[in-house]
Protein chains: 2
Amino acid sequence: MTRWLESDEQRVWRAFLAATQRVQEELDRQLQRDSGMPHTYYVVLAMLSEAEGRTLRMSDLAGRVNSSQSRLSHAVARLEERGWVRRAQCPRDKRGNLAILTDAGFAALKAAAPGHVEAVRQVLFDPLTPEQVRLLGEICTAVRDS
Amino acid sequence: MTRWLESDEQRVWRAFLAATQRVQEELDRQLQRDSGMPHTYYVVLAMLSEAEGRTLRMSDLAGRVNSSQSRLSHAVARLEERGWVRRAQCPRDKRGNLAILTDAGFAALKAAAPGHVEAVRQVLFDPLTPEQVRLLGEICTAVRDS
DNA sequence: CGCAGTTACTTGAGCTCTCAAGTACTGTAA
DNA sequence: TTACAGTACTTGAGAGCTCAAGTAACTGCG
């Protein structure tokens with residue numbers, strides 16, 4: 001008994017796919033082109049920059065960037081190679097690793113931020129009315145938390 | 001003069017990222033697990049199945065699935081290996097290639113569809129009211145076409 | 001204490017995606 | 001008619017992601 005999509009649901013679904021893909025690709029392209037990093041790496045740097053001591057445990061960081069531990073582990077390995085993040089052992093729990101944003105990493109984030117924010121505005125906020133932005137927030141929260 | 005995000009825009013933006021990632025991952029995981037194909041391949045099969053003669057030119061197909069030609073070319077190559085799609089030369093334009101959905105491809109799509117549609121409902125439509133669905137459609141259309 | 005069972009994280013293989021470069025054909029205009 | 005720019009598509013290399021498996025350390029219960 002499959003509950004197939006009605007034709008208007010079908011339209012919403014396809015618009016959703018097209019819109020979200022557009023946003024993703026636009027952001028990834030902009031960051032890659034102008035700052036040499038994918039969007040996921042940017043988010044990692046951003047979350048670390050907001051944390052106490054610019055430091056987070058891997059699992060905590062994974063939660064904040066909506067990433068699997070595996071993905072984050074690979075990402076941090078690359079960021080470490082670039083000297084943007086370093087790792088340290090967690091003192092409390094020897095299984096745990098801390099990811100620490102370096103000064104170079106903070107500088108890279110700072111350099112990338114204006115272009116990124118501008119891209120976010122252009123692709124998502126500028127096309128919408130303030131009311132639509134508010135509604136989108138509610139909708140996304142519902143989907144995220146369901 | 002960067003137009004930074006206000007704190008409520010910030011919240012909407014992060015909810016948007018979390019929600020869209022959740023949808024994407026849920027769908028990809030479900031299709032990969034239950035049908036052995038990524039979501040992008042499913043969309044390719046679906047678009048071909050709706051086309052006249054289950055056939056489309058590569059460039060036309062790329063437009064319909066919101067894909068670069070390169071990505072589509074790789075994807076169709078894999079689908080061809082599985083026997084789900086075959087290629088033929090375009091009679092009008094010798095540069096052009098046609099992608100044709102095979103019977104096996106149609107069967108694979110048909111087998112995958114119910115589970116996929118159910119996942120789409122669960123992750124996107126069920127958490128929203130009908131009014132929110134309508135609004136989401138308008139919002140995504142605006143973002144897509146901007 | 002001791003040893004399952006769980007948690008935290010890493011690693012490697014396989015796969016998809018992107019970007020840049022390459023091939024082949026088409027349309028146009030001198 | 002023959003260049004020459006543009007279009008259609010493919011290919012290969014490099015990079016990130018996923019999944020499964022591996023290591024190490026903590027936790028709790030007999």
Cation-aromatic face contact A/Arg54/A/Phe106, 6.0 Å, 45 degrees: yes
Whole-Å distance separating the CG atom of B/Leu61 from the P atom of D/dT10: 11 Å
ILVMFWY network linking A/Val23 to A/Leu31, side-chain heavy atoms under 4.5 angstrom: no
same_hphob_cluster(B/Leu72, B/Ile100) at 4.5 Å side-chain heavy-atom cutoff: no
Tabulate below the donor-acceptor pairs under 3.5 Å that side-chain atoms of residues 124-134 of chain A make, not counting sequence neighbours, or state none.
unit_1	atom_1	unit_2	atom_2	d
A/Asp126	OD2	B/Arg3	NH2	3.2
A/Thr129	OG1	A/Gln132	N	3.0
A/Glu131	OE1	A/Arg134	NE	3.2
A/Glu131	OE2	A/Arg134	NH2	3.0
A/Gln132	OE1	A/Thr129	N	3.1
A/Arg134	NH1	A/Glu138	OE2	2.8

Distance test, side-chain N/O of B/Gln69 to OP1/OP2 of D/dC9, below 4.0 Å: yes
Distance in angstrom units between A/Met58 CE and C/dT7 P, rounded: 18 Å
Contact pattern, 5' to 3', of nucleotides 21-27 of chain D - B, S or - by protein heavy atom under 4.0 Å: ----BS-
Length of the line joining B/Leu72:CG and C/dT18:P, which is rounded to integer Å: 12 Å
Length of the NE2-P vector between A/His74 and C/dC15, whole Å: 16 Å
Residue-phosphate contact under 4.0 Å: A/Asn97 side-chain N/O, C/dT10 OP1/OP2: yes
Atom CZ of A/Arg121 with >12 non-hydrogen neighbours under 6.0 angstrom: yes
A/Arg92 atom CZ, neighbour heavy-atom count above 12 within 6.0 Å: no
B/Gln30 and B/Glu118: CA distance, side-chain angles, deciding distance, side chain to side chain contact (heavy atoms under 4.5 Å, CB included) verdict: CA-CA 10 Å; B/Gln30 185 275 325; B/Glu118 185 57 32; over 6 Å; no
Out of C/dT10, C/dT18, D/dC9, whichever nucleotide has its closest atom nearest the side chain of B/Ser68: C/dT18
Contact residues, residues 20-55 of chain A to DNA chain D [heavy atom, < 4.0 Å]: A/Thr40, A/Tyr41
Phosphate OP1/OP2 of C/dT11: any A/Ser70 side-chain N/O under 4.0 Å: no
Short side-chain N/O contact to C/dC19 OP1/OP2 from B/Arg71, under 4.0 Å: no
